[in-house]
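Beneath this line is the structure, given in structure tokens, with notes to follow.
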Protein chains: 2
Amino acid sequence: MSRPTMETVAERAGVSRALVSLVMNNSSKVSEAKRQAVLHAAEQLGYRPNLHARNLAQARTKTLGMIINDIHNPFFAEVVYGVEAAADDYGFDVLILNGGRDAERERRAVETHLQFQVEALILVGPKLDNDDIVRASAVVPTVVVASGRDNPGADTITTDDERGAALAVQHLVQLGHTDIVHIDGAANISSRARSHGYEKAMRSLGLEPRTLRGGDDEADAEAAIVDLAETDSMPTAIFAFNDLVAAGALSTLEAAGLRVPDDVSVVGYDNTFIAELNHMSLTTVNQPRHQMGQLAIRTVLERIEDDRTEPTRIDLAPTLSVRRSTAPPRKA
Amino acid sequence: MSRPTMETVAERAGVSRALVSLVMNNSSKVSEAKRQAVLHAAEQLGYRPNLHARNLAQARTKTLGMIINDIHNPFFAEVVYGVEAAADDYGFDVLILNGGRDAERERRAVETHLQFQVEALILVGPKLDNDDIVRASAVVPTVVVASGRDNPGADTITTDDERGAALAVQHLVQLGHTDIVHIDGAANISSRARSHGYEKAMRSLGLEPRTLRGGDDEADAEAAIVDLAETDSMPTAIFAFNDLVAAGALSTLEAAGLRVPDDVSVVGYDNTFIAELNHMSLTTVNQPRHQMGQLAIRTVLERIEDDRTEPTRIDLAPTLSVRRSTAPPRKA
DNA sequence: CGATTGCGTTAGAGCGCTCTAAATCTTACG
DNA sequence: CGTAAGATTTAGAGCGCTCTAACGCAATCG
């Protein structure tokens, strides 16, 4: 009752096991007659090659292991699509494991992938610390996507957060804003680069930066906005650490009786699903996520196939998606 | 330079390969001394068991294959967490493949999983048609999650969409609404049950149902709402096929100068991320997604371990999450 | 003190496949 | 018709692991 093997198919087709193997890997040196016979037998038996056996015999798996920080987060989903499309092109399977926003789980996921003998590891927004990544990349080519850190040993694909922040600032300034507050990402990994970019851009335009502590979700924005309202120091524009924080800003501003963008303009970051919703319509900094995924595969493949060994670091340029949450400031 | 094998470890620890195997599977019949020696050797060599070899030898993989309709969709993410948590409890690994909203891709994903010899298939919101599912479930235990269809051969975990729709209607009626329009999901798989539930609930409360053709995204809502506005037949409440359609309704209503919930109440379905955003704050029907994931595992495990063979069908009760998009109708 | 028990350990076959080297069959040509 | 060159096909080893059966040895017992 167990699944048919190559042996079974060979017998049925009246050929040797080796011949079946050749057919399954569609080798050109098989006569048409036998090929048909084998395919027919396989079909009838519902034969399916056993990947474990194949991988063992070949000593390679043509499989890549991807770990996603959090499957909830739609930001990463787009990266996944990029990765899959590119992997497909090169004939690799991609196994996905969910990190669940937890370093320990990610560590176990790495372990699982390694036991599956994946040929490379793609870490999307990993929570792992440097040591973990170094350790992993010593075993198998590893590429880190969308995590600003410097990852010794691994390749890195990022977008330039400083530049992204500058885009936001420039856009607001062009609209006529001069009083622009930034709500940062607190301990978040990309927070530093974004705040820094914001501050640098402000200063270079002769404006005084004002950064408030935020975080990475709606509630974090609320505190900051309430503070601005209470101290009567509401700016004409707010640049938030990410779209979710921007969403929090939107609702808190509204609750305070302020209209977006009439009273206050709001800019987010990441161009997630949220920003696209008509009801939110957030102007936001866009990262080329699909491309990031594709580059991750290319990069890692250079190691596998062309055995490059020095680490690569690709830093892509973000763009700005302008929507309805930004407008010129109300005339004073 | 290739990875160390059991043989290598055995040699280093001065024991036989079989003994190393016993240690790796932490068998109780190994002397403490040898166990330590083996673990130490393995540690030093950075040894990692080769799952392919193990699976081949054991003729079982302790691995489940999951296919997600669309990794973008946060609705499914929660199911994934439920599945993973339960699978963890039973010591199974879960391999995730992305269906990408495409039946053909899903078909390939099924194939890949089968070649990996997964012990069961978990299809989350599959696009596959009945035949595909029958075929898959003939090979390996299969459970379909969140897809209303009747899946001969496979187990099914759903929530009762009719009841969910009724919850929405009842809530609106309790608030005092009598003129409630439903924007349906067009060809979407769950659309029928939801519309039917809506119509049944309306009639049983002595109200006249009014169903408009919608779809599954924001744009689909727009057409319907514009139509209502133009024919001057705007109801006091709208029950949308899902949250995204509800979001479309929100923005279109607003664009038409109507306020939510003051002029029109809106109810969504699925309690996705969107609904939770403060700025949207959608009243919506909630499906116990995490639980659905867990039940999927339990169900499928009954087949694997207790070899049940008759198909099971579990239909869970939805709940209503009330937020700020619903309120009593404006006094006429 | 020889036989028995049982624990700890190991030899060796086998899981399903690929791959190399060799065998077999065709075909073409002098 | 004989033979070399191709074109097909196959035997068989080996991938890294598990598992059964058997082995060695110390402790136990009559």
Side-chain angles (χ1 to χ4, degrees), chain A residues 1-39 41-42 45-63 91 93 112 114-119 139, chain B residues 1-39 41-42 45-63 91 93 112 114-119 139:
Chain A
M1 259 316 294
S2 78
R3 305 204 189 157
T5 75
M6 232 169 215
E7 201 67 51
T8 332
V9 176
E11 217 166 285
R12 178 124 181 183
V15 300
S16 71
R17 179 167 29 80
L19 208 254
V20 177
S21 174
L22 289 180
V23 172
M24 287 304 152
N25 296 290
N26 45 97
S27 152
S28 61
K29 40 187 169 182
V30 174
S31 69
E32 194 49 29
K34 302 252 169 175
R35 150 172 274 109
Q36 288 306 333
V38 168
L39 288 178
L45 292 166
Y47 169 73
R48 242 173 283 267
N50 181 324
L51 273 195
H52 299 298
R54 163 186 296 211
N55 291 341
L56 192 56
Q58 284 194 143
R60 76 169 296 186
T61 58
K62 277 268 188 178
T63 300
D93 277 332
T112 302
L114 291 179
Q115 297 191 0
F116 264 109
Q117 315 293 112
V118 298
E119 298 191 28
V139 182
Chain B
M1 256 320 293
S2 78
R3 303 206 190 156
T5 75
M6 231 169 218
E7 201 67 51
T8 333
V9 176
E11 217 165 287
R12 178 121 177 184
V15 300
S16 71
R17 179 170 29 80
L19 208 255
V20 176
S21 172
L22 290 179
V23 172
M24 287 304 151
N25 295 291
N26 44 97
S27 151
S28 59
K29 41 187 169 184
V30 175
S31 67
E32 195 49 30
K34 302 249 168 173
R35 151 171 274 111
Q36 288 306 331
V38 168
L39 289 177
L45 292 165
Y47 169 73
R48 241 171 285 266
N50 181 324
L51 274 194
H52 299 297
R54 162 185 298 208
N55 290 341
L56 191 55
Q58 284 193 144
R60 76 169 295 185
T61 58
K62 276 266 186 181
T63 300
D93 276 331
T112 302
L114 291 179
Q115 296 190 1
F116 265 110
Q117 316 291 115
V118 297
E119 298 190 27
V139 182

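The figures here come from the full heavy-atom set of this structure, side chains too, leaving out hydrogens, waters and symmetry mates. Quick note on labels: first sequence line is chain A, next is B, and so on, each numbered from 1.
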**Item:** Boundaries of the DNA chain D segment in contact with chain B, non-hydrogen, under 4.0 Å
**Value:**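 In short, chain B contacts DNA chain D from dG16(D) to dC19(D).
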**Request:** Measure from NZ on K29(B) to P on dT10(C) and round the result to the nearest Å.
**Result:**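 Computing the K29(B):NZ to dT10(C):P distance gives 14 Å.
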**Message:** Five pairs per end, C1' atoms only: what is the angle between the end axes of the helix from dC1(C)-dG30(D) to dG30(C)-dC1(D), to 10 degrees?
**Reply:**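 Axis-to-axis angle, ends of the helix: 60°.
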**Asked** Tell me, do L56(B) and Q117(B) make a side-chain contact under 4.5 Å, heavy atoms counted?
**Response**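 The answer is no; the side chains never approach within 4.5 Å.
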**Message:** Between R54(B) and N25(B), is there a side-chain heavy-atom distance shorter than 4.5 Å?
**Reply:**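 They are in side-chain contact.
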**Request:** Could you pull out the closest heavy-atom pair between L114(A) and R3(B), with the gap in Å?
**Result:**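 Between these two residues, the closest heavy atoms are O-NH1, 3.2 Å.
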**Nearest non-hydrogen partners of R12(B) and A41(B), listed with the distance** =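 Scanning both residues completely, I find the closest heavy atoms to be CG-CB, 3.6 Å.
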**Item:** Among V23(A), N26(A), V9(A), the one residue meeting side chain to side chain contact (heavy atoms under 4.5 Å, CB included) with L39(A)
**Value:**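 Running side chain to side chain contact (heavy atoms under 4.5 Å, CB included) over V23(A), N26(A), V9(A) with L39(A) returns exactly one hit, V23(A).
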**Request:** From the options L22(B), V20(B), L19(B), select the one residue that forms a side chain to side chain contact (heavy atoms under 4.5 Å, CB included) with K34(B).
**Result:**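 That would be L19(B); it is the only one of L22(B), V20(B), L19(B) passing the side chain to side chain contact (heavy atoms under 4.5 Å, CB included) with K34(B).
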**Asked** Any donor-acceptor pair under 3.5 Å linking the side chain of E7(A) with the backbone of R17(A)?
**Response**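 Not confirmed, E7(A) side chain does not pair with R17(A) backbone.
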**Message:** Using a 4.0 Å cut-off on heavy atoms, which residues in residues 4-19 of chain B reach DNA chain C? List them by number, or say none.
**Reply:**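 Correct list: V15(B), S16(B), R17(B), A18(B), L19(B).
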**Prompt:** Passes side chain to side chain contact (heavy atoms under 4.5 Å, CB included), V139(B) versus R48(A)? Steps please.
**Reply:** CA-CA 10 Å; V139(B) 182; R48(A) 242 173 283 267; 3.5 Å; yes
**Message:** Can you tell me how far apart OG1 (T61(B)) and CG (D93(B)) are? Round to the nearest 0.5 Å.
**Reply:**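 The OG1 atom of T61(B) sits 9.0 Å away from the CG atom of D93(B).
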**Message:** Parallel, tilted or perpendicular: which one describes the rings of F116(B) and H52(A), with boundaries at 30° and 60°?
**Reply:**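 Perpendicular.
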**Asked** Using a cut-off of 4.0 Å on non-hydrogen atoms, how would the nucleic acid contact of N55(A) be classed: base, sugar-phosphate, or nothing?
**Response**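 It contacts nothing in the nucleic acid.
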**Request:** Please work out if V20(A) contacts a base, only the sugar-phosphate, or nothing of the nucleic acid, heavy-atom cut-off 4.0 Å.
**Result:**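 Nothing, no nucleic acid heavy atom in range.
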**Asked** Which sits closer to the 5' end of DNA chain C, L56(B) or S28(B), going by the nucleotide each is nearest to?
**Response**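 Of the two residues, S28(B) wins.
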